[in-house]
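Residue numbers start at 1 and run along the sequence shown.
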Amino acid sequence: LRAGRHCRARCARLLAALGCEHLGLRPGRSTNARILIAVIAVAAGCLEYRSPQRRLLQVAADPPVYWFLKQLPKGVVLELPVPPRVGEDDVDPHYIFWSTRHWQKLLNGYSGYYPPSYQETLRRLQRFPDADSLTLLRERHVRYLVVHLAYLEPSQRAQLLEGLLAHQELQTLGKYNDWMGPTVVFE
């Protein structure tokens, strides 16, 4: 079992199956009632396993920021902003998709399972660029930062860029466009 919520979901499905079996096997149930119980159970199962689709974007060409990253020497990339917690405002699927244009390693991630280390990474990055988060980036060997400005509110954007520019160890490599708008790349 990967996580507690998965265990609870499996237990709920098991209890539902036992309940359906109990209702269907009761003495005196007609065949039609049993079929109806089976149809309701299958419909509930289909609803349980549905997969909501995300809105798709049509992009004419590869965004210039990813072409630029492809030209750089190999290094770990962190794309900002990161979600506040796993599964919230998750932009990581976009970052993962576009990483196929440059094939640099990413600190960002997207999966059905988030290890505690990734959750800790997100927690430490919430105050970025403070000393703790910069230490984390050094520990994880992050070489490049990609800041997607379109995902940030104007006040957040200004605060983050001022914080990054205040650190002499970070060098601005350029401003490029991604699929949403302007992006700034740091090393």
Side-chain angles (χ1 to χ4, degrees), residues 1-13 48-57 59 62-63 65-66 68-70 72-153 155-157 159-164 166-167 169-173 176 178-187:
L1 300 177
R2 292 191 289 179
R5 91 178 151 192
H6 295 293
C7 180
R8 288 189 296 275
R10 286 186 180 115
C11 289
R13 286 192 290 270
E48 168 74 20
Y49 288 104
R50 77 183 187 289
S51 176
Q53 300 299 311
R54 294 181 176 264
R55 185 176 62 92
L56 299 177
L57 300 173
V59 179
D62 291 346
V65 69
Y66 295 112
F68 176 70
L69 282 173
K70 185 176 185 173
L72 294 174
K74 293 295 181 196
V76 178
V77 176
L78 171 63
E79 299 202 44
L80 297 169
V82 295
R85 283 175 289 288
V86 169
E88 285 188 24
D89 299 327
D90 205 354
V91 292
D92 284 339
H94 296 283
Y95 300 157
I96 298 296
F97 171 77
W98 288 110
S99 74
T100 63
R101 300 304 190 250
H102 59 75
W103 294 113
Q104 302 276 15
K105 293 179 181 180
L106 285 181
L107 184 61
N108 307 78
Y110 179 71
S111 170
Y113 171 71
Y114 294 95
S117 62
Y118 186 68
Q119 295 176 39
E120 177 66 14
T121 296
L122 292 181
R123 187 192 66 72
R124 289 177 68 184
L125 287 173
Q126 292 312 302
R127 292 177 305 281
F128 186 80
D130 67 348
D132 182 49
S133 58
L134 290 172
T135 300
L136 171 75
L137 297 187
R138 281 186 218 91
E139 291 169 357
R140 302 290 169 89
H141 308 287
V142 173
R143 183 169 183 181
Y144 304 111
L145 297 174
V146 179
V147 182
H148 298 273
L149 301 177
Y151 283 121
L152 299 167
E153 298 294 326
S155 61
Q156 292 174 310
R157 192 178 307 154
Q159 182 181 359
L160 179 60
L161 290 176
E162 284 174 20
L164 289 170
H167 292 278
E169 70 228 54
L170 295 175
Q171 176 187 0
T172 306
L173 296 181
Y176 302 89
D178 63 10
W179 68 96
M180 297 284 287
T183 302
V184 183
V185 180
F186 293 89
E187 181 174 22

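- Counting only residues at least two apart or in different chains, salt bridge (Lys or Arg N to Asp or Glu O under 4.0 Å) contacts with residues 106-121 comprise E120-R123.
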### Task
Give the intermediate values and the outcome of side-chain contact (heavy atoms from CB on, under 4.5 Å) for residues R140 and T121.
CA-CA 10 Å; R140 302 290 169 89; T121 296; 2.7 Å; yes
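- Note that CG of L80 and CG of L107 are 9.5 Å apart. Values are rounded to the nearest 0.5 Å.
- From W179, atom CH2 reaches atom CZ of F97 across 9.5 Å, with rounding to the nearest 0.5 Å.
- The backbone N or O of E169 lies less than 3.5 Å from no partner atom in the side chain of H167, so there is not a single donor-acceptor pair.
- Taking the six-membered ring for Trp and the full ring otherwise, Y95 and H148 have centroids separated by under 6.0 Å.
- Checked against salt bridge (Lys or Arg N to Asp or Glu O under 4.0 Å), R124 has the following partners two or more places apart in sequence or in another chain: D132, E139.
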### Task
Could you check W98 against V65 for side-chain contact (heavy atoms from CB on, under 4.5 Å), going step by step and ending with a plain yes or no?
CA-CA 10 Å; W98 288 110; V65 69; over 6 Å; no
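- With hydrogens and angles ignored, the 3.5 Å screen pairs no side-chain donor or acceptor of E79 with any backbone N or O of N108.
- Looking at every heavy atom in both residues, P129 comes nearest to L160 through CD-CD1, 4.0 Å.
- Considering every non-hydrogen atom in both G181 and A150, the closest pair reads N-CB, 4.4 Å.
- In this structure, the separation between CG on L164 and CZ on F186 is 4.5 Å, given to the nearest 0.5 Å.
- In this structure, the side-chain contact (heavy atoms from CB on, under 4.5 Å) partners of E153, at least two apart in sequence or on a different chain, are S155, Q156.
- Looking at E187, its side chain never comes within 3.5 Å of a backbone N or O of L145 through a donor-acceptor pair.
- The distance from atom NZ of K74 to atom CG of L69, rounded to the nearest 0.5 Å, is 10.0 Å.
- Annotation: side chain of V82 is not in contact with side chain of F128 (no heavy-atom distance under 4.5 Å).
- Annotation: side chain of T100 is not in contact with side chain of Y66 (no heavy-atom distance under 4.5 Å).
- Heavy-atom minimum distance, Q104 versus P73: NE2-O, 3.4 Å.
- Q159 CD: 12 or fewer foreign heavy atoms inside a 6.0 Å radius.
- Using a 4.5 Å heavy-atom threshold, the side chains of Y151 and V91 count as touching.
- Side-chain contact of D92 with Y118: a donor-acceptor pair under 3.5 Å is present, judged by distance alone.
- Going from atom CD of Q126 over to atom CG of D130 covers 10.5 Å, rounded to the nearest 0.5 Å.
- In terms of heavy atoms, I96 sits closest to G109 at CD1-CA, 4.1 Å.
- Here the straight-line distance linking atom CG of L125 with atom CG of L137 works out to 6.0 Å at 0.5 Å rounding.
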